[in-house]
There are 2 protein chains.
Amino acid sequence: MELLFFAYRDFTGRPDEILAEFGLGRAHHRVLYFVGRNPQINVNALLNILRITKQSLSRVLGRLVGQGYIIQHPGKKDRRQRLLELTEKGVNLEHRLFNNQQTRLARAYRLAGPSAVEGFWQVLTDIPDRPSSVKKPSEKQEES
Amino acid sequence: MELLFFAYRDFTGRPDEILAEFGLGRAHHRVLYFVGRNPQINVNALLNILRITKQSLSRVLGRLVGQGYIIQHPGKKDRRQRLLELTEKGVNLEHRLFNNQQTRLARAYRLAGPSAVEGFWQVLTDIPDRPSSVKKPSEKQEES
DNA sequence: AATTTATGTCAGCCATGTTGACATATATGC
DNA sequence: GCATATATGTCAACATGGCTGACATAAATT
């Protein structure tokens, strides 16, 4: 139980330091991450993943767009949508953050061994609410 | 990677709702949890676990003490220390929150099976920074 | 007696969540 | 084609829970 807390705490620790150099926070990290993994995602889909209000997202996203980490462009099928995508600058930063966490995970994986990793995934997948918003974009936005 | 985010997000979701009924937040939950699991813990040890400043803790802890969820009393060996302990009221609330999360975990465990659970623990234990502050109070506080 | 340690407190700042109200552009339904 | 719904944005105000800095007190330690 508390392991989840410690894991999360230390998992975000290093990235937080890196982000601080750029005057960004954890919230910006999450946006970078999910936009990076879901190019051309629209705002609504992103809101559903993060489960925050559009006003909260707006502040964070606006900053990322303003500083050139993310670009927006209208959807082709639905021009009301603003589809989000990392710029090269955004990709770079995201990679830097990602690598850091990956290193930590890799260490844990190495220590624990492959079968443990398998179980880890298994359980972790089952913790969130039912269908989960992970890689199930089938229901929403096939944008652009 | 994102699984950790989703797991954490949904893991804290229900408890957050319950806490809101009492006008408390997630920070209070963490304190209740760790005090519950480490009766007679002193303030410094708690700060080391949470990795926050004493001013932050003070606000949260002060509230919990004020509303009778936690009691403090001076350490016997070192009377400067304030040892923390849940009251019956605190135990009740903590149980309620705990059970909720346990239910969620139990579901995941059941779905994933025992060997997966084993691996889950294995990996999760290895994610945090080295010695980890879990059950390793050997270096600090042997109070009261 | 001097210093260090454990704890508390005041005051203010910042990031990031919230609600509510309202605006605009586009898509959709009748 | 107009009415309405949807996708998004924006303004304003507020709450929580981090943070820093400064200072206070009691008890332990040297």
Side-chain angles (χ1 to χ4, degrees), chain A residues 5 8-9 12-13 15-17 19-32 35 40-66 70-84 140-144, chain B residues 5 8-9 12-13 15-17 19-32 35 40-66 70-84 140-144:
Chain A
F5 167 72
Y8 196 77
R9 183 194 65 181
T12 53
D16 282 355
E17 289 174 20
L19 287 157
E21 293 173 30
F22 296 80
L24 300 175
R26 195 176 299 180
H28 301 95
H29 187 182
R30 289 196 286 261
V31 172
L32 284 173
V35 171
Q40 312 302 322
I41 192 176
N42 67 47
V43 173
N44 236 328
L46 187 52
L47 286 175
N48 285 332
I49 290 178
L50 297 173
R51 302 239 182 113
I52 60 177
T53 59
K54 62 177 177 174
Q55 294 93 326
S56 283
L57 176 58
S58 172
R59 218 169 3 200
V60 173
L61 182 54
R63 178 94 164 275
L64 291 171
V65 170
I70 288 181
I71 43 170
Q72 310 177 283
H73 50 85
K76 285 171 199 144
K77 287 161 66 168
D78 184 338
R79 300 205 324 257
R80 290 171 304 179
Q81 298 183 332
R82 304 301 180 86
L83 307 182
L84 307 172
K140 59 195 44 155
Q141 92 352 307
E142 50 293 291
E143 73 290 308
S144 84
Chain B
F5 167 72
Y8 196 77
R9 183 193 65 180
T12 55
D16 283 354
E17 289 173 20
L19 288 156
E21 293 173 30
F22 295 81
L24 300 175
R26 193 176 300 181
H28 302 97
H29 186 181
R30 289 197 285 261
V31 172
L32 284 173
V35 170
Q40 312 302 323
I41 191 175
N42 66 49
V43 173
N44 235 329
L46 186 53
L47 286 175
N48 285 331
I49 290 178
L50 297 173
R51 302 237 181 116
I52 61 177
T53 60
K54 62 176 177 177
Q55 293 93 327
S56 287
L57 176 59
S58 173
R59 221 171 358 202
V60 173
L61 182 55
R63 179 96 162 276
L64 290 171
V65 171
I70 288 181
I71 43 169
Q72 311 177 283
H73 49 83
K76 287 170 199 146
K77 288 161 68 168
D78 184 339
R79 301 207 322 258
R80 290 171 305 180
Q81 297 183 332
R82 306 298 182 85
L83 306 184
L84 307 172
K140 60 194 45 153
Q141 115 311 337
E142 49 292 294
E143 71 291 304
S144 77

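Proteins get letters first, then strands, A, B, ... in listed order; numbering begins at 1 in each.
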**Study point:** Partner residues of A:Arg63 under the side chain to side chain contact (heavy atoms under 4.5 Å, CB included) criterion, sequence neighbours left out
**Key:** A:Leu24, A:His28, A:Gln67
Review point. Which residues pass the side chain to side chain contact (heavy atoms under 4.5 Å, CB included) test with A:Gln72, sequence neighbours left out?
Key: A:Leu61, A:Val65, A:Arg82, A:Leu84
Point to revise | Over all atoms of both residues, closest heavy-atom pair of A:Leu50 and B:Phe5 | key: CD2-CZ, 4.3 Å
**Study point:** chain B footprint on DNA chain C, 5' to 3' - any atom under 4.0 Å from a heavy atom
**Key:** C:dT5 to C:dC10
Practice item. Mind checking side chain to side chain contact (heavy atoms under 4.5 Å, CB included) for B:Arg59 and listing every partner two or more places apart, or none if nothing turns up? Key: B:Ser56
Practice item. Heavy atoms only: give me the nearest B:Pro74-B:Arg79 pair and the separation to one decimal. Key: CB-O, 3.9 Å
Check your understanding: Mind checking whether A:Leu64 and A:Val35 have side chains closer than 4.5 Å, heavy atoms only?
Key -> no
**Study point:** Nucleotide D:dA27, atom P - distance to CZ of B:Arg80 in whole Å
**Key:** 10 Å
**Study point:** B:Leu47: partners by side chain to side chain contact (heavy atoms under 4.5 Å, CB included), with sequence neighbours left out
**Key:** B:Val43, B:Asn44, B:Ile52, B:Lys54, B:Leu57
Revision key, fill the gap. In short, B:Gly75 meets B:Leu83 closest at the heavy-atom pair CA-CD1, 3.7 Å
Review point. Which comes earlier along DNA chain C counting from the 5' end, the contact point of A:Asp78 or that of B:Arg82, where each point is its nearest nucleotide?
Key: B:Arg82
Point to revise | Reading 5' to 3' through nucleotides 13-22 of chain D, protein heavy-atom contacts under 4.0 Å coded B for base, S for sugar-phosphate only, - for none | key: ----BBBBBB
Study note, to complete from the structure: Rounded to whole Å, CD of B:Gln81 lies from P of D:dA27 at a distance of 13 Å
